[in-house]
Amino acid sequence: EVKGAFIGSTEVIFEPKEINIKNRRINIGTAGSISLLIQTIFPILIFSSRTSKLEIIGGTSGLGSPNIEYTKYVFLKNLELMGVKSDLQILKQGFYPKGGGVVSILTEPVSELKNINLEKVEEKRRAFGSVIISKISRIFAEKFVFLVRKMLSNENIDFKISVENALSQGFSSTIIYEYPSYYAGFDTYYEIGKSEDYFANKIVNRIKEYLNSNSCLDKHMACLLYT
C-alpha cells in the first residue's frame, strides 16, 4: 500500500504486505558497485518469506564502495554471527569502466537477529588477504604484497594473488582479520597511474589506524551494523 504518491506531496508512506523476492538476474549495466547493491537490498532479502537467489552483474571494486571480498568475508561473516544465512560466490571480477563482474548470492529468511557482544577486543585467529589483478603485471601484485608484509611484519598476513581476465584493467586487495567473535577488513582499489607503494601505504595506514583504535570492528563495518 502506498500513500502520498502524488505531485506536491511532502510525505510518502510505503507499507509492504508480504516480502516475496523471486530469483532473478540483475545487470547494473556499468561498473556500479555490486557490494552497495547487496547492502541496499539485503534487509529485504533476509526478511522475505522464502529463500532467494540473485545473480548480479556490475563492478566488484571501485571508488566509494567496499570490494566484493570485503562483502563476502567481513560484512556477511559478521551477519552470520547474528543468525543470517547466506552464500556469496564471486564468479567474475569487474573493474571500472566496463564492469562485467558477476556475483551470485543465496539468502535464507530469518525471523530474528541474534545479539553479538563487541565490548571486548579479542586476539585475532588469523589475517589473510587477496590481491586481484587484471591486465596488470604480476610483478605489480608481488611488490605490493612485499611492501605490505614489510610494513606489517608482526601481522603474519597470508596473501593469495589471483590473475583475472576482466573486461577492464584493474587491481584490488582486501585484507581480513578474523577473530573468535567478529571480523574486520580493509581494502584498496585501482587508481590509474598510482604505484604499488601508494596502494600498500593506503591499506597499511587503515590497518594501523584500526589496530590503534582499541575497537572490535573496522569503522566501515561498525557503520554498516549501525545502519
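Along the sequence shown, the residues carry numbers beginning at 1. Because the structure is predicted, anything quoted here is derived from the model rather than measured.
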Point to revise | Ring-face cation of K77 near Y73 (centre distance under 6.0 Å, axis angle within 45°) | key: no
Exercise for review: Tell me, please, whether F186 has K208 positioned over its six-membered ring: NZ or CZ under 6.0 Å from the ring centre and within 45 degrees of its axis?
Suggested key: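 No.
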Check your understanding: Does any non-hydrogen side-chain atom of N78 lie less than 4.5 Å from one of L217?
Key -> yes
Practice item. State, yes or no, whether a side-chain contact exists between L118 and I116 at a heavy-atom distance under 4.5 Å. Key: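 They are in side-chain contact.
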What I want to find out is whether [X] reaches [Y] closely enough, with some N-O distance under 4.0 Å, to be called a salt bridge.
| X | Y | value |
| --- | --- | --- |
| E69 | K160 | no |
| E11 | K3 | no |
| K143 | D197 | yes |

Review point. Closest heavy-atom contact between S35 and P66?
Key: OG-O, 3.1 Å
Point to revise | Contact summary for G4 and S9, nearest pair of heavy atoms | key: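 Taking every non-hydrogen atom into account, O-OG, 2.6 Å.
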Point to revise | Donor + acceptor pair across side chains of T51, E108 (<3.5 Å) | key: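 Note: T51 and E108 side chains meet the donor-acceptor criterion.
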**Study point:** Those residues that, when tested against F42, pass ring pair (Phe, Tyr, Trp, His ring centres under 6.0 Å) (two or more places apart)
**Key:**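 Ring pair (Phe, Tyr, Trp, His ring centres under 6.0 Å) check on F42 returns F75.
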Practice item. Please say which of R125, K124, E155 ends up in a side-chain hydrogen bond (donor to acceptor under 3.5 Å, both in side chains) with Y177. Key: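 It is E155, the one option of R125, K124, E155 that forms the side-chain hydrogen bond (donor to acceptor under 3.5 Å, both in side chains) with Y177.
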**Study point:** Mutual orientation of the aromatic rings belonging to Y179 and Y182 [parallel < 30°, tilted 30-60°, perpendicular > 60°]
**Key:** parallel
Review point. Does F171 have its ring centroid less than 6.0 Å away from the ring centroid of F144?
Key: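 Centroid separation for F171 and F144: below 6.0 Å.
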